[in-house]
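To start, the structure itself, in C-alpha cells.
All values below come from the heavy atoms of this structure, side chains included, with hydrogens, waters and symmetry mates left out. Letters A, B, ... mirror the listed sequences (proteins, then strands); counts begin at 1.
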Amino acid sequence: MTDCPPRLEKKLVTRLLAWYDQHARVMPWRAIRPQAPNPYHVLLSEAMLQQTQVATVIDYFNRFTEAFPTIDDLAVADEQQVLKLWEGLGYYRRARNLHACARQIVSEHDGVVPNTVEQLLKLPGIGRYTAGAIASIAYDVPAPILDGNVVRVLSRWFAITDSTDEKPVKEQLWALADRLVPDKRAGDFNQAMMDLGAMICTPKSPACLTCPMNKHCQAREQGIEETLPKRTPKNKPTKVTHHVVSIQRKDQFLFTQRPADGLWSNMWQMPTFETVSEKVLPDQIKEQLGLQVGKLKQCQSFKHQTTHRTITFTHWQASNVTGRLRKNAGLWRRLDQLGDLPLAKPQLKVVASLQ
DNA sequence: AACTCGGGGTA
DNA sequence: TACCCAGAGTT
C-alpha cells in the first residue's frame, strides 16, 4: 500500500475542489449551485454514462427527460419505448436495467431514489461505481467512486505501476478513493476527479503543466505519468459474418425480434443469420420463417465493431418470396413506420440503404 | 478471474 | 490501428 499521510490528502482535496469551482464542465444533469441536484436526473445520466463519453450522452439525456420528465413517467413507460429512445447508444442492457430500476424505485421506495449505497446496490444495473456516484452527487453522501478517470488519476498521483485490472490493485484504488472522499462536498469531489481525468489527466499527453495537482503527483515526479495506468492487454475481437436478408411484400419489409438475452437483446432486425454459410440461407429462412425465397441478390457489405467481435454484415435482397409467415415470427412494416421498433446501428444502416 | 455487452472519440 | 470511455452482471 502506498504511504499517504492524512495531512497531504486534505490538501489534495482542497486544491482539487478549488480547481473544480473554476473549471467544472457544464452538463445538463449537473445542478447549478445552490440548486439541489435532481436525483432522477443523476440516476438517468449515470446509467447512460457507463462506458460512454459525456459528449455522446447529452442528446440522449435531453430526449429522455423530455419524454419521461419524472421517474414515474419512466416507470409506466413501455420497455420498447425506452429501448427506442436508447437506440444508437449501445449496451442496451443498461436501458432495460434503468427501466426496471425506475419501476423498483416507484414500487419499493415510493418513487424516491434511495440515498444509501447499500440500497442503491440492490437496484438492477447499479454496481459499486454507480451507487457511489448517485449517493455522493445526488445526496452528498461521502461515498467513493472508481471509474476509468479516477483509476487514471489515482494511479498517477500514487505511482501505482501494477496492472489496474488486477483485483488487489483495484481494491487498493477503492481504498484510496475512500480515504480521499471528503465528508462535505463529496459529490463535487468525485466529479472533480472525473473532470480532471477527462480534461487534464488524460490518457495520452496529460496537461501536467496546467494541472492543479502537479506538485502532488508521484508519477510526474518520476516522469512515468504517460505509462500509467498499466493495463492487462485484451484479447482481439473474433471475426464473424452476419447475413441480413431483406424480405419485401408490396411496400412492407419483414422484421424479427432478437431473443431476450445476448447481443442486442429484445431489439428488432431484418431477419439475420449468424455464423452460417450463405448457401444455407434459403433453408434457414424456410425453417425459421416459413417462407420460400426464389432468389437472393447480394447488396452492400460492411463491417461493424463490438467489444468482442468484428462483424461483417452482408445484406441480401430476397425476391420471389412465397409462403405464409410462421405465426409470431415477425412483423411486416413500411420503412417509414419503424418509430416503435428499436434497431441497433447495423440494422439502421441496412434500412437506410433501402430508402 | 474471465467473459459478455455497443458504439463513438481520439492519437 | 489501438486504446479509452462516469461499468455491471454472469459464469
Remember a base hit wins even if backbone is also touched, and classify T130(A) as base, sugar-phosphate or nothing at under 4.0 Å, heavy atoms. sugar-phosphate
Sorted by number, residues from residues 23-34 of chain A placing a heavy atom under 4.0 Å from DNA chain C are R25(A), M27(A), W29(A), R30(A)
Sequence neighbours left out, cut at 3.5 Å: what donor-acceptor pairs do the side chains of residues 134-143 of chain A make with other protein atoms?
{"unit_1": "S136(A)", "atom_1": "OG", "unit_2": "G132(A)", "atom_2": "O", "d": "2.8"}
{"unit_1": "S136(A)", "atom_1": "OG", "unit_2": "A133(A)", "atom_2": "O", "d": "3.2"}
{"unit_1": "S136(A)", "atom_1": "OG", "unit_2": "N190(A)", "atom_2": "ND2", "d": "3.0"}
{"unit_1": "Y139(A)", "atom_1": "OH", "unit_2": "V113(A)", "atom_2": "O", "d": "2.5"}
{"unit_1": "D140(A)", "atom_1": "OD1", "unit_2": "A186(A)", "atom_2": "N", "d": "3.1"}
{"unit_1": "D140(A)", "atom_1": "OD1", "unit_2": "G187(A)", "atom_2": "N", "d": "3.2"}
{"unit_1": "D140(A)", "atom_1": "OD2", "unit_2": "R185(A)", "atom_2": "N", "d": "3.4"}

Pairwise C1' distance for dA6(C) and dC3(B), with rounding to whole Å: 22 Å
Taking the six-membered ring for Trp, are F255(A) and W332(A) ring centroids under 6.0 Å apart? no
D183(A) atom CG, over 12 foreign heavy atoms within 6.0 Å: no
Give me the residues of residues 224-240 of chain A where at least one heavy atom lies under 4.0 Å from an atom of DNA chain C, by number, or none. R231(A)
Please state whether the rings of H23(A) and W19(A) are parallel, tilted or perpendicular, taking 30° and 60° as the class boundaries. parallel
Close residues, residues 141-151 of chain A, relative to DNA chain C [heavy-atom separation under 4.0 Å]: D147(A), G148(A), N149(A)
Could you pick out which residue, E166(A) or G262(A), lies toward the 5' side of DNA chain B when each is mapped onto its nearest nucleotide? E166(A)
Give me the ring orientation class for W264(A) and H304(A): parallel if the planes are under 30° apart, tilted from 30 to 60°, perpendicular past 60°. tilted
Give a yes/no answer on whether the side chain of Q51(A) brings an N or O atom under 4.0 Å of OP1 or OP2 in dG7(C). yes
Given dG9(C), is OP1 or OP2 found less than 4.0 Å from the side-chain N or O atoms of Y91(A)? no
If you compare every side-chain N and O of R309(A) against the phosphate oxygens of dC5(B) (OP1, OP2), does one of them come in below 4.0 Å? yes
H243(A) and F273(A) aromatic centres sub-6.0 Å: no
Could you tell me whether K234(A) and D165(A) have a side-chain N and a carboxylate O separated by less than 4.0 Å? no
Dot-bracket line, read 5' to 3' along DNA chain B, where crossing pairs take [ ] and | marks a partner on another strand, Watson-Crick or G-U under 3.5 Å: |||||.|||||
Which parts of residues 59-71 of chain A get close to DNA chain B, meaning a heavy atom less than 4.0 angstrom away? none
